Amino acid sequence: MLYNVLRVIRCFYQSQHACSVLTIAHSLRQSGIFSTMREVNIKGASGLCTLVSDGQSEIPQSVSDSENMGKSFFSVQSTPEIEKKYVHHVYDAIAPHFSSTRFAKWPKVATFLSSLPSGSLVLDAGCGNGKYLGLNPDCFFIGCDISAPLIKICADRGHEVLVADAINLPYRTDFGDAAISIAVLHHLSTEIRRKRAIEELVRVVKKGGLVLITVWAVEQEDRSLLAKWTPLSEKYVEEWIGPGSPLARSPSSLPLESIPENEDNGSRDHIEDSMEKMHETPHLTSESKYDSLSLKHEKNTKNQQEYFVPWHLPYHRAEVSGASACALANGLAKKDDKKGAVVYNRYYHVFSEGELERLASGIDNAVIVDQFYDKSNWCIILEKIL
Amino acid sequence: MKLLTHNMLSSNIKGAANGFPLRIEVEKATEKQVELNAGFLRNVFPIIEWKALVDAAQLPEVADSSMLDSDNFLNKFHNALLELHLEKDALVCPETARRFPVSQGIPNMLLLEDEV
């Protein structure tokens with residue numbers, strides 16, 4: 001997935017800086033690390049599923065070479081189809097709308113960041129719209145996310161960011177003072193990848209550095225929300241993880257349970273948005289709503305951890321982004337005329353009690369210094385010891 | 001992209017034992033003013049690979065932390081690390097020559113399927 005420049009940036013050279021820039025450029029050429037300035041052309045990568053902003057769509061082409069298929073299937077760094085379709089492409093399509101709903105700073109994260117020593121370098125892996133970048137003005141933040149549209153939003157706000165994969169951070173080892181991963185790991189579809197992401201967070205901080213991780217919990221404070229999610233069978237998830245799986249080539253054959261259409265559809269948006277906010281805002285006091293439907297669902301979903309969680313992108317937002325046209329064509333999204341929204345599904349593996357702790361315990365060079373449950377999220381703080 | 005970020009970035013492509021530092025091919029660079037935070041500069045100095053920073057900006061060839069007491073040096077270090085802003089360029093893996101693009105100041109470090 002390569003980042004395409006969508007518009008030309010006009011660069012203003014201030015007169016007092018023009019001289020120094022030219023001087024630097026000259027010495028750069030002389031030093032050898034810089035080559036002569038020339039146009040850099042980046043060709044689109046073949047063999048990848050991309051939803052480009054001009055509305056064209058490319059059906060995902062699995063790697064046809066069987067040797068490569070074998071290699072990429074077993075590589076922990078290779079992105080499974082379910083994540084490409086139901087995480088990456090969704091966030092790319094909903095980025096501005098998603099960003100507009102991400103504003104409340106979760107107190108637990110704010111406390112962690114504010115308590116870091118002054119002058120710390122903080123790495124945010126999976127920074128989304130950059131909500132936490134710069135939260136502590138005495139620290140310097142570098143953020144990365146796999147979604148180029150979200151990163152563009154961060155950059156427009158003046159943050160130092162890059163497009164990268166949390167499974168394979170392009171960072172030197174032992175560089176940062178702290179790292180955070182806020183509501184990211186639950187989008188990874190295998191345990192190996194989830195563990196790898198934690199290992200990467202630990203790797204990139206220095207000895208003594210702290211890592212804060214938060215993920216959505218199975219144990220949701222508002223049980224009625226689970227009824228809005230689509231549970232995925234294990235078999236379904238397995239079939240989606242391999243790049244060569246038949247489902248990857250024929251999205252129309254999804255054995256997806258349709259989101260039940262019932263009388264309270266009108267309130268779905270509100271509930272969904274408030275669910276999103278609940279995970280991020282402190283003020284919601286949620287009393288569990290136990291009706292017969294929720295209880296039955298709860299019994300069935302006791303061990304259920306794989307879900308599609310809907311995102312309703314209002315039509316006017318969808319038109320602006322342009323990506324929804326091909327998402328609908330590909331079967332990745334559905335129209336809901338009653339609500340005037342394109343409905344996307346996001347893949348989640350919600351964490352059960354102790355799961356995050358178990359994953360982190362398996363990492364040799366870090367220890368758990370704190371763990372807690374807060375607002376339907378499991379949270380953990382690690383310290384790198386070696 | 002600031003040179004602080006460049007000092008951290010490493011090519012993690014399959015086949016590269018050491019993907020640091022990335023060679024820079026600059027096309028467009030600007031300067032953006034950033035408030036100087038001496039505490040941050042002192043904290044980050046030990047982790048900076050000095051040669052990589054020197055090659056990317058105008059700085060003395062050799063540096064040690066005692067130089068941070070000099071305002072002159074502190075300002076040069078700050079300017080190079082945080083104020084130089086590379087808008088458009090390519091970061092080139094020192095071992096495989098794979099190019100990672102930087103556009104609108106944002107590096108894209110994502111690898112392709114056959115590169116992991």
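Chain A is the first sequence line, chain B the second, and so forth, proteins listed ahead of strands; every chain is numbered from 1. Computed from a prediction, not measured in an experiment: that's the story for all the values here.
Annotation: A:Lys206, atom NZ; neighbour count of heavy atoms from other residues, nucleotides and ligands within 6.0 Å is above 12.
No donor-acceptor pair closer than 3.5 Å links the side chain of A:Gln77 to the backbone N or O of A:Ile167.
Of the two parts of B:Thr5, the backbone and the side chain both hold a non-hydrogen atom closer than 4.5 Å to a non-hydrogen atom of chain A. For chain A, the nearby part of B:Leu82 is the side chain; its heavy atoms alone come within less than 4.5 Å. Looking at B:Ile48, the atoms closer than 4.5 Å to chain A (heavy atoms on both sides) sit in the backbone and in the side chain alike. Proximity to chain B (any heavy atom under 4.5 Å) is restricted, for A:Leu169, to the backbone atoms N, CA, C and O. Contact of B:Glu49 with chain A is made through backbone and side chain together, with heavy-atom distances under 4.5 Å. Heavy atoms of A:Ile142 lying under 4.5 Å from chain B belong exclusively to its side chain.
Comparing A:Leu121, A:Thr173, A:Asn168 by how many heavy-atom pairs each has under 4.5 Å with chain B, the most go to A:Asn168. Between chain A and the residues B:Val92, B:Leu41, B:Val102, B:Asn12, the largest count of heavy-atom pairs under 4.5 Å involves B:Asn12. Among B:Ile47, B:Val44, B:Leu4, the residue with the largest count of heavy-atom pairs under 4.5 Å with chain A is B:Ile47. No other option in A:Asp138, A:Val161, A:Val204, A:Leu123 has as many heavy-atom pairs under 4.5 Å with chain B as A:Val161.
Side-chain atoms of B:Ser10 and A:Arg172 form no donor-acceptor pair, as typed in the model, at a separation below 3.5 Å. Between B:Asp64 and B:Ser66, the side chains place a donor N or O and an acceptor N or O closer than 3.5 Å (distance only, hydrogens not considered).
For residues 137-180 of chain A, the pairs satisfying ring-ring contact (aromatic ring centres under 6.0 Å, His included) are A:Phe140-B:Phe40, with sequence neighbours left out.
The aromatic rings of B:Phe73 and B:Phe45 sit perpendicular, their planes meeting at an angle over 60°, well past the 30° parallel limit.
Applying the side-chain contact (heavy atoms from CB on, under 4.5 Å) criterion to A:Asn365, with sequence neighbours excluded, gives A:Val202, A:Ile363, A:Lys384, A:Leu386.
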